[in-house]
A.B. asks: 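If you scroll down you'll find the structure; I have some questions about it.
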Amino acid sequence: MQVNTNAIVLSSVKYGDTSLIVKCYTQLNGVKSYMLRGVLKNKKGKLKAAYFQPLNQIEITATHNNKGNLNSIKDVSVLYAYESLHMDFKKQTLVYFLSEMLSSVIREEEGNNDLFSYLTTSFQWLDLHKGIASFHIVFLLNLTKFLGFFPDANNSDSTYFDLSEGAYTESIPFGEFLSGNELILFNSVLGTNFDKVSKIAMSGYDRNRLLEIIIKYYELHLDGLIKPRSIQVLKEILS
């Protein structure tokens, strides 16, 4: 079946000497993987490797076979041209981390316009702004709204936050939980939007600790989460 859809590149892996296997989150059909044969060798073709950098926003004409095999792309164009996302070193580090996370947590093979819109507008915001040290924290917390486990903010003045239940409580939870300074740190970011990212006063240590907490929260709510390999580099760059 041939489709024309907007897409976000999640990952691009070299296959052999001349080809790429690209995973995209498409607006119409969710997560799809494509075999791009000879794209690294053919300099005159419509498909260029540069189109398939992580988090690129593109429009594709593709054939989806719906049989579990790799799909193919016939044509591609840039949907949004980033100004700094792949040139600024700190933003590059964020791109690789977020692309790894998204490749692991987005699994649906069906369209979700709300999620697609959240991703595209988030990355455009990141591209255009400078105060981005806590962007990934806000992004990952708000992403849970679309994945089905956004924290229940009721009773947010409680003593504990149960990570397994995603809810506040006055009783000590049996499993993983937050309290004290970690809970204060978590609450300071929960519900924050991107326009307030640059105003978040947080030390590098606190930012890294909060990232660990959020990753743990994801692990408790998503089976088979693959922890990003780039997380240590991200911590060092943004600390």
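If you read the sequence from its start, that first residue is 1, and numbering goes on from there. Remember, predicted model here, so these are calculated numbers, not experimental data.
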A.B. asks: Using a 6.0 Å cut-off, check whether atom NZ of K196 has over 12 heavy atoms from anything other than its own residue.
C.D. replies: no

A.B. asks: Between the main-chain N or O of N113 and the side-chain N or O of S117, is there a donor-acceptor pair closer than 3.5 Å?
C.D. replies: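 No: the side chain of S117 does not pair with the backbone of N113.
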
A.B. asks: Identify the two heavy atoms, one from S158 and one from T169, that lie closest to each other, and give their separation to 0.1 Å.
C.D. replies: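 Looks like CB-O, 3.4 Å.
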
A.B. asks: Checking K235 now: which residues fulfil salt bridge (Lys or Arg N to Asp or Glu O under 4.0 Å) with it, not counting sequence neighbours?
C.D. replies: E212

A.B. asks: Can you get from L222 to I215 by hopping between Ile, Leu, Val, Met, Phe, Trp and Tyr side chains that sit under 4.5 Å apart?
C.D. replies: yes

A.B. asks: So do T26 and N6 actually touch side chain to side chain, heavy atoms under 4.5 Å?
C.D. replies: no

A.B. asks: With a 3.5 Å cut-off and no angle check, do the side chains of Y217 and E176 form a donor-acceptor pair?
C.D. replies: no

A.B. asks: Is it the case that T159 and E170 place a side-chain donor and acceptor less than 3.5 Å from each other?
C.D. replies: yes

A.B. asks: For residues L178 and L163, determine if any side-chain heavy atom of one lies less than 4.5 Å from a side-chain heavy atom of the other.
C.D. replies: yes

A.B. asks: CD1 of I226: more than 12 outside heavy atoms within 6.0 angstrom?
C.D. replies: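 At most 12 heavy atoms, drawn from other residues, nucleotides or ligands, come within 6.0 Å of this atom.
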
A.B. asks: Return yes if a side-chain donor-acceptor contact under 3.5 Å exists between S103 and K23, otherwise no.
C.D. replies: no

A.B. asks: Can a donor-acceptor pair be found, under 3.5 Å and without considering hydrogens, that links the side chain of S134 to the backbone of I137?
C.D. replies: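 Here the side-chain-to-backbone pair does not exist.
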
A.B. asks: Is there side-chain contact between P173 and F161, with at least one heavy-atom pair below 4.5 Å?
C.D. replies: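 Side-chain contact under 4.5 Å: no.
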
A.B. asks: Using the side chain to side chain contact (heavy atoms under 4.5 Å, CB included) rule, take V105 and Y218 through it: C-alpha gap first, then chi angles, then the decisive distance, then the call.
C.D. replies: CA-CA 9 Å; V105 306; Y218 270 73; 3.8 Å; yes

A.B. asks: To check you understand the geometry: which heavy-atom pair defines the closest contact between I200 and V138, and what is its length?
C.D. replies: CD1-CG2, 4.0 Å

A.B. asks: Hydrophobic clusters here meaning ILVMFWY residues chained together by side-chain heavy-atom distances under 4.5 Å, can you tell me if L185 and Y205 are in one?
C.D. replies: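 L185 and Y205: separate clusters.
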
A.B. asks: Atom CE of residue position M87 - does it have more than 12 heavy atoms of other residues, nucleotides or ligands inside 6.0 Å?
C.D. replies: no

A.B. asks: Can you confirm whether F194 is buried at CZ, in the sense that more than 12 heavy atoms of other residues, nucleotides or ligands lie under 6.0 Å from that atom?
C.D. replies: yes

A.B. asks: Calculate, to the nearest 0.5 Å, the distance between atoms CG and CG belonging to L147 and L115 respectively.
C.D. replies: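 The CG atom of L115 is 7.0 Å from CG of L147, to the nearest 0.5 Å.
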
A.B. asks: Of all the heavy-atom pairs spanning L70 and S33, show the shortest one and how long it is.
C.D. replies: CD2-CB, 3.6 Å

A.B. asks: For E236, which residues count as a salt bridge (Lys or Arg N to Asp or Glu O under 4.0 Å) partner, sequence neighbours excluded?
C.D. replies: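 E236 satisfies salt bridge (Lys or Arg N to Asp or Glu O under 4.0 Å) with no other residue.
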
A.B. asks: Please report the shortest heavy-atom distance between L234 and T93, naming the atom on each side.
C.D. replies: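 Scanning both residues, the minimum pair turns out to be CA-CG2, 3.7 Å.
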
A.B. asks: What's in the same ILVMFWY side-chain cluster as I172, cut-off under 4.5 Å, chained through other members?
C.D. replies: Y160, F177

A.B. asks: Ignoring hydrogens, what is the shortest heavy-atom contact between L225 and S104? Give both atom names and the distance.
C.D. replies: CD1-OG, 3.3 Å

A.B. asks: Going by heavy atoms in the side chains, are L140 and F97 under 4.5 Å from each other?
C.D. replies: yes

A.B. asks: Are F123 and F139 close enough that their ring centers fall under 6.0 Å?
C.D. replies: yes

A.B. asks: Is there a path from V78 to L10 through hydrophobic residues (I, L, V, M, F, W, Y) whose side chains come within less than 4.5 Å of each other?
C.D. replies: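 In one cluster with V78: L10, no.
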
A.B. asks: Please determine, by modelled atom types, if N154 and D152 share a side-chain donor-acceptor pair under 3.5 angstrom.
C.D. replies: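 N154 vs D152: donor-acceptor pair found between side chains.
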
A.B. asks: Test L141 against V189 for side chain to side chain contact (heavy atoms under 4.5 Å, CB included), laying out the working first.
C.D. replies: CA-CA 8 Å; L141 268 179; V189 178; 3.8 Å; yes

A.B. asks: Please check if the number of heavy atoms outside N193 that lie under 6.0 Å from its CG is greater than 12.
C.D. replies: yes

A.B. asks: Is it the case that N4 and T61 place a side-chain donor and acceptor less than 3.5 Å from each other?
C.D. replies: yes

A.B. asks: Do the side chains of I73 and I21 join up, straight or via other hydrophobic residues, at under 4.5 Å, putting them in one cluster?
C.D. replies: no

A.B. asks: Can you tell me how far the CD1 atom of I214 sits from the CD atom of E219, to the nearest 0.5 Å?
C.D. replies: 12.5 Å

A.B. asks: Could I get the full list of salt bridge (Lys or Arg N to Asp or Glu O under 4.0 Å) partners for R207, not counting sequence neighbours?
C.D. replies: none

A.B. asks: Does the separation of the ring centres of Y80 and Y82 fall below 6.0 angstrom?
C.D. replies: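 Yes; Y82 has its ring centre under 6.0 Å from that of Y80.
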
A.B. asks: Name all residues meeting the side chain to side chain donor-acceptor pair (under 3.5 Å) criterion together with N29; count only those two or more places apart in sequence or in a different chain, and write none if there are none.
C.D. replies: H64

A.B. asks: Do N56 and H86 pair up side chain to side chain, a donor and an acceptor below 3.5 Å, judged on atom types alone?
C.D. replies: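 Yes, a side-chain donor-acceptor pair sits under 3.5 Å.
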
A.B. asks: What residues form a salt bridge (Lys or Arg N to Asp or Glu O under 4.0 Å) with E100, not counting sequence neighbours?
C.D. replies: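 R229.
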
A.B. asks: To the nearest 0.5 Å, tell me how far L238 CG sits from M202 CE.
C.D. replies: 12.0 Å

A.B. asks: Please tell me whether Y168 and N187 have a donor and an acceptor in their side chains that are separated by less than 3.5 angstrom.
C.D. replies: yes

A.B. asks: Would you find more than 12 non-hydrogen atoms of other residues, nucleotides or ligands less than 6.0 Å from Y96 atom OH?
C.D. replies: no

A.B. asks: Shortest non-hydrogen contact from Y51 to K46?
C.D. replies: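 Looking at all heavy atoms of both residues, the closest pair is CE1-O, 3.7 Å.
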
A.B. asks: Before you tell me yes or no, could you show the steps for L211 and H136 under side chain to side chain contact (heavy atoms under 4.5 Å, CB included), namely the whole-Å CA-CA distance, both residues' side-chain angles and the distance that decides it to 0.1 Å?
C.D. replies: CA-CA 8 Å; L211 177 59; H136 56 303; 3.9 Å; yes

A.B. asks: CD1 of I58 to CZ of F52: how many Å apart, nearest 0.5 Å?
C.D. replies: 5.0 Å

A.B. asks: Examine Y25 and L94 and state if one hydrophobic cluster contains both, with Ile, Leu, Val, Met, Phe, Trp and Tyr joined whenever side-chain heavy atoms are less than 4.5 Å apart.
C.D. replies: yes

A.B. asks: May I have the step-by-step check of side chain to side chain contact (heavy atoms under 4.5 Å, CB included) for L85 and V95, ending in yes or no?
C.D. replies: CA-CA 8 Å; L85 205 62; V95 164; 3.5 Å; yes

A.B. asks: Flag the pair S72 / Y34 as yes when at least one side-chain heavy-atom distance between them is below 4.5 Å, and no otherwise.
C.D. replies: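 Answer no - side chains too far apart.
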
A.B. asks: Has N71 got a side-chain atom pairing as donor or acceptor with K32's backbone, closer than 3.5 angstrom?
C.D. replies: no

A.B. asks: Evaluate the side-chain proximity of N112 to E108: yes if any heavy-atom separation is below 4.5 Å, no if none is.
C.D. replies: no

A.B. asks: Can you confirm whether V31 sits close enough to R107 that some side-chain heavy atom of one is under 4.5 Å from a side-chain heavy atom of the other?
C.D. replies: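 Result no, sub-4.5 Å side-chain heavy-atom pair not found.
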
A.B. asks: As an exercise, state the distance from CG of L40 to NZ of K14, rounded to the nearest 0.5 Å.
C.D. replies: 6.0 Å

A.B. asks: For the residue pair L143 and L102, establish whether any side-chain heavy-atom pair is separated by less than 4.5 Å.
C.D. replies: yes

A.B. asks: In Å and rounded to the nearest 0.5 Å, what is the CD to OG distance from Q57 to S77?
C.D. replies: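 These two atoms lie 12.0 Å from each other.
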
